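Take a look at the structure set out below.
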Amino acid sequence: MGSLVKEETSSLMREFLEKCGGYAVVDGGFATELQRHGADINDPLWSAKCLITSPHLVTKVHLDYLESGANIILTASYQATIQGFVAKGLSVEEAEGLLRRSVEITCEAREIFYNRCTKGSWDFDHAGKASRRPVLVAASVGSYGAYLADGSEYSGNYGDNVSKETLKDFHRRRVQILTKSGADLIAFETIPNKLEAEAYVDLLEEKDIDIPAWFSFTSNDGVTVPHGESVIECAKVADSCKKVVAIGINCTAPRYIHGLITSLRQVTCKPIIVYPNSGEVYDGLTKKWIKSEGESEEDFVSYVSRWRDEGASLFGGCCRTTPNTIRGIVKVLSGESPAASKLKI
Ligand SMILES: C[S+](C)CC[C@H](N)C(=O)O
Ligand SMILES: N[C@@H](CCS)C(=O)O
Ligand SMILES: [Zn+2]
């Protein structure tokens, strides 16, 4: 780890972080915000259903997060797969068009935001000089388990018949399309096992998949990914790939994040990204979230300075977090205490 070559290849994120003042803010729960706007995503396509039925809501959610202070917005493609769209009766061409559209909508939202010239889209340096807020578009890629649509992101158990080659074949065309769609990078999210991380690394080595990426794992216990491998060994897989510009954890309870950052720091010098969920637990069969004891949005935001001190530099939220969470993170990073921000839940 930390070789000169790897340092050079992670420059996209390092330069971006520098422009942002050292820390960057990722958006919050995307599907969650779609639901808050009235979308029904109880469907095998989950949030990707809105790419077909309500693209205007997708734009709205991106704008919500930009207005809240996000520097990185993720596309609605988490559960958008060619196989999933075809199962709904769409043609392969239509499915590929929707994947491209997911990125176009996000880039359009960034343009709308910039054109609004609202106060929030400008940052001011110490001398009071204004500059446009840096914003990256990350193309979300959910796991094979997300496509299964039964919550198996949180088990990582695909059975003995699913090999690394199966996973590469499953993801290849989707990743090729997202690579050429205008996104700044790919966000491999909610990765539940080591096998899928290895498949993604192999795909990133293929010649027509030339784009930076981040790898973000999920954990149910603060030590391992759901399938059982340690987060440390999974992070080593990600660290080995020169196209990986950040490594981290998402859709994991906030209480585990501090220890996980400590583990990641043992095996990587790359920027660390964390965007936990609310701490609630997802029931993949009913597609409902079960309330957990003792973790509130205020707790989440109050952890942020600890995560920063531990070595993370990109912060956001995943499922069940909202624009309010993102505003809270922005306040902490800009030096205002979360208590002072008096978050409304
Ligand atoms: C990150 S989970 C909440 C995504 C939804 C899941 N793949 C499902 O379809 O139920
Ligand atoms: N980007 C996705 C991740 C789900 S785990 C979302 O926020 O809905
Ligand atoms: Zn999530």
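On a predicted model such as this, the values are computed, not experimentally measured, just so you know. The first residue of the sequence shown is numbered 1, and numbering continues consecutively from there. Order of listing sets the numbers, starting from 1, for every ligand and every atom in it.
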query: Has ligand 2 got any nitrogen or oxygen that is less than 3.5 angstrom from a nitrogen or oxygen of Cys319?
result: no
- prompt: In degrees, rounded to 10 degrees, what angle do Cys319 atom SG and Cys251 atom SG make at the Zn ion (ligand 3)?
  reply: 100°
- prompt: To which protein heavy atom is atom 7 (O) of ligand 2 closest, and what is the distance rounded to 0.1 Å?
  reply: Phe30 N, 2.8 Å
message: At less than 4.0 angstrom from any non-hydrogen atom of Trp289, what atoms of ligand 1 do you find?
response: 3 (C)
query: Nearest to atom 8 (C) of ligand 1, what protein heavy atom do you find, and at what distance?
result: Lys287 NZ, 3.2 Å
message: Need the ligand 2 atom indices (1-based, order shown) with element for anything under 4.0 Å from a heavy-atom of Thr190.
response: 5 (S)
query: Do you know which of Glu94, Glu96, Glu108 makes salt bridge (Lys or Arg N to Asp or Glu O under 4.0 Å) with Arg101?
result: Glu108
message: Aromatic contact between Trp307 and Phe315, with the criterion being ring centroids under 6.0 Å apart: yes or no?
response: no
query: Which atom names give the shortest non-hydrogen contact between Val225 and Ile191, and what distance separates them?
result: CG1-O, 4.2 Å
statement: Among non-hydrogen protein atoms, atom 6 (C) of ligand 1 lies closest to Glu153 OE2, 3.4 Å
For Ala146, atoms of ligand 1 separated by under 4.0 Å from a heavy atom: 7 (N)
- prompt: Under a 4.0 Å heavy-atom limit, does Ala31 contact ligand 2 with its side chain, its backbone, both, or neither?
  reply: both
query: Quick one: does Leu195's side chain get under 4.5 Å of His227's, heavy atoms only?
result: no
field: Residue part near ligand 2, for Tyr78, under 4.0 Å between non-hydrogen atoms
entry: side chain
field: Side chain, backbone, both or neither: Tyr147 near ligand 1, heavy atoms under 4.0 Å
entry: neither
field: Any Phe30 side-chain heavy atom under 4.5 Å of Tyr78 side chain
entry: no
- prompt: What's the shortest heavy-atom distance between Gly29 and Thr321, and which atoms?
  reply: N-OG1, 3.0 Å
- request: Would you mind checking if Glu198 and Lys164 are paired as a salt bridge, meaning a charged N to carboxylate O distance below 4.0 Å?
  value: no
statement: Contact region, Tyr65 to ligand 2, non-hydrogen atoms below 4.0 Å, reads neither
- prompt: Going from CG on Asp184 to CD1 on Ile72, what distance comes out if it is rounded to the nearest 0.5 angstrom?
  reply: 9.0 Å
query: Atoms of ligand 1 less than 4.0 Å from Tyr78 heavy atoms?
result: 1 (C), 4 (C)
- prompt: Hey, which of Val223, Val231, Ile232 is the one that makes side-chain contact (heavy atoms from CB on, under 4.5 Å) with Leu260?
  reply: Val231
task: Record the part of Glu189 in heavy-atom contact with ligand 2 below 4.0 Å; permitted values are side chain, backbone, both and neither.
output: side chain
query: Do you know the tightest heavy-atom contact between Phe300 and Pro254?
result: CD1-CG, 3.7 Å
query: Are Lys207 and Asp210 within salt-bridge range, i.e. N to O under 4.0 Å?
result: no
- prompt: Strictly under 4.0 Å, does any heavy atom of Ser47 approach an atom of ligand 2?
  reply: no
- prompt: In terms of side-chain geometry, is the basic nitrogen of Asp64 or Arg36 positioned less than 4.0 Å from the acidic oxygen of its partner?
  reply: no
message: If I compare all heavy atoms of Val237 with all of Lys194, which pair ends up nearest, and what's the gap?
response: CG2-CE, 3.9 Å
query: Counting each atom of ligand 1 from 1 as listed, which ones have a heavy atom of Gln79 under 4.0 Å away?
result: 4 (C), 5 (C), 6 (C), 7 (N), 8 (C), 9 (O)
message: So, regarding Tyr282 and ligand 1 (criterion: nitrogen or oxygen to nitrogen or oxygen, under 3.5 Å), is there a contact or not?
response: yes
- prompt: In the protein, which heavy atom is nearest to atom 1 (C) of ligand 1, and how far is it?
  reply: Tyr154 OH, 3.0 Å
- request: Examine the proximity of ligand 2 to Cys318 and report which part, side chain or backbone, both or neither, has a heavy atom under 4.0 Å away.
  value: side chain
message: Please list, in number order, the atoms of ligand 2 under 4.0 Å from a heavy atom of Gly29.
response: 7 (O)
- request: Pick one of side chain, backbone, both or neither for how Ala187 approaches ligand 2, counting any non-hydrogen atom pair under 4.0 Å.
  value: neither
